[in-house]
Amino acid sequence: MKAVISVIGQDRVGILAMVANICAEHNVNVLEVSQTIVDGVFSMTMICDLEKLNITMDDFASKFEAFGEENNLVIRVMNYEIFQAMHSI
Amino acid sequence: MQTDKILETIKMIDEECLDIRTITMGISLLDCADPDIHESCKKVENKICRLAKDLVKVGDDISREFGIPVVNKRISVTPIALLVAASGGDPVEYALTLERCAQKLGVNFIGGYSALVQKGFAKGDRELIESIPRALTLTQHVCSSVNIGSTKAGINMDAVKKMGQVVRTCAEMTADDNCMAAAKLVVFCNAPEDNPFMAGAFHGVGEADCVINVGVSGPGVVRAALAKLDKNASMDEVADLIKRTAFKITRMGQMVGREASKRLGVPFGIVDLSLAPTPAIGDSVAYILEEMGLDTCGAYGTTACLALLNDAVKKGGVMATSHVGGLSGAFIPVSEDAGMIAAASKGVLTLEKLEAMTAVCSVGLDMIVVDGNTSAEIISGVIADEAAIGMVNTKTTAVRIIPAIGKKVGEVLDFGGLLGSGPVIAINQTGNSIFVNRGGRIPAPLQALKN
């Protein structure tokens, strides 16, 4: 299964690195990253492959949510299919 | 996939109240009919609890995995009057059985305490209709509907008269609970048999044994899209923008429906393309109409704007899903829509205007609170007029009207939750009792003769 990890929040050093690190810890391969900073607001979307994820999707999402809260970021993990359904025919 | 597309979807969910309004499992109870009502109820409970045991869990799982809220998980069943026909006995026993199922399974509502009497009363129908006030008073989750007319059959005026009394009794019996029973009862003309939305959902006899139907939402998304449009943009552009937005919303519904059907091992029925508002700020159909250029919903132009909205939602949605069904259009439930509540409180949105709007929207007079002294005959008159609009225009119309016992125009009836709160609005009290008491049937119109 492919998933989108979206991260939005105040910019600072190391956000991408930390998010990528959690992915690596759980055997998640990052396929595509897109990141912008507008007026100090960091916004990133990361498309990942969760095929070999070593915990459940629910735990993986919870982990990111908790991490986001600690670091003042809004992080979501969502099944990629929802975006495909909405934006491609 | 471009980042802006991903962020657009996330914004719709986070800021514009996009959600899947309901996953409704339709269950046929025809095989539960038994000459002994206790036996019949036992079979009903077993079948519902067996088929829907994972419904709430699957809804929550999908919500979690895809990041889209699935707000309600509901069940609709075969009209209970059909079971009463076989079993006899006190129909309320079925209502209590359905309530037990709803509580055990954790669903929000269970619909189908219903009778279809558009052409006449069969065995079981009168008993069921008579029992509606008691059934809805003794239960919290059971919803009831009665179909009293159709384009094919005309309008059953005996049933219209009866339903005026039933609505009134429902309100009286729950006067100390905001007349809640009347809010769980819908009187239909041309009732759809695969509607996933409450309170009017039931599982038609032509349906499969068990299906999953999905109702999407998204007034907030349409409004946000329109807000970005230039105020000088033509109505063609408005229609086009609504179509494109409705397409996206419906694709989401289609995907969730397919996923739920796969996980539950139950065939996928339909997506209902309705724009269903909630009392939440920003989730209002009235605000969409106002965004089109009306100062307040109810102003002249409202019916035209609603006609465009209703049509554009269908045109956009129909290509996004394999099977469209249910009510599919724009809902205008007054108490469930922040913009409608405001417009009605100001006196701009009147009952007469709402009646006109029901000729072009997907439902009818929905969640309208009127003076507590309104007689059963007046309510029957409202039902007859609505049914006539539906019958002649070959569309669904419905009446869900709540006489607020003990309250007068200007006061407010607060249901809480999804049902919201409604200001008591003025209703024309001119007598009509000779008409209502005539009974009989209004013949089907020429539109019925299509063969």
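Source: prediction; values computed, not measured.
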So do the side chains of A/Asn79 and B/Glu259 get within less than 4.5 Å of each other, counting heavy atoms only?
-> no
Tell me, side chain or backbone of A/Met44 under 4.5 Å from chain B's heavy atoms, or both, or neither?
-> neither
Turns out that what part of B/Asp14 lies under 4.5 Å from chain A's heavy atoms comes down to side chain
First locate atom CD of B/Gln2, then atom OG of A/Ser34, and finally report the distance between them rounded to the nearest 0.5 Å.
-> 9.5 Å
Roughly how far, to the nearest 0.5 Å, is CZ of A/Arg76 from CD1 of B/Ile6?
-> 12.5 Å
Counting heavy atoms not belonging to A/Glu25, are there more than 12 under 6.0 Å from its CD?
-> yes
Cut-off 4.5 Å, heavy atoms of chain A, and the answer for B/Leu18 is side chain
Under 4.5 Å to a heavy atom of chain B? For A/Val74 that would be neither
Under the salt bridge (charged side-chain N to carboxylate O under 4.0 Å, His left out) rule, what pairs show up with a residue in residues 77-89 of chain A, not counting sequence neighbours?
-> none
Contact class of A/Ser43 relative to chain B, heavy atoms under 4.5 angstrom | side chain
What is the minimum heavy-atom distance between A/Ile82 and B/Phe66, and which atoms define it?
-> CD1-O, 3.4 Å
Quick one: of B/Glu8, B/Met319, B/Arg64, B/Met255, who has the most non-hydrogen atom pairs under 4.5 Å with chain A?
-> B/Arg64
Counting only heavy atoms closer than 4.5 Å, note whether A/Ile89 contacts chain B via side chain, backbone, both or neither.
-> both
One option among A/Ser6, A/Ala85, A/Ala3 has the most heavy-atom pairs under 4.5 Å with chain B, and it is A/Ala85
Which pair of heavy atoms, one from B/Arg251 and one from A/Gln84, lies closest together, and at what distance?
-> NH2-O, 4.3 Å
Does B/Lys231 NZ have over 12 foreign heavy atoms under 6.0 Å away?
-> yes
Could you look at B/Gln254 and say if it's the side chain, the backbone, both or neither that has a heavy atom under 4.5 Å from chain A?
-> neither
Is it the side chain or the backbone of A/Ser62 that comes within 4.5 Å of chain B heavy atoms, both, or neither?
-> both
Is B/Asp230 atom CG crowded by more than 12 heavy atoms from other residues, nucleotides or ligands, each under 6.0 Å away?
-> yes
Identify the residues of residues 274-286 of chain B whose heavy atoms come closer than 4.5 Å to a heavy atom of chain A, ordered by number, or report 'none'.
-> none
With a 4.5 Å heavy-atom cut-off, do B/Ile68 and A/Met86 have their side chains touching?
-> no
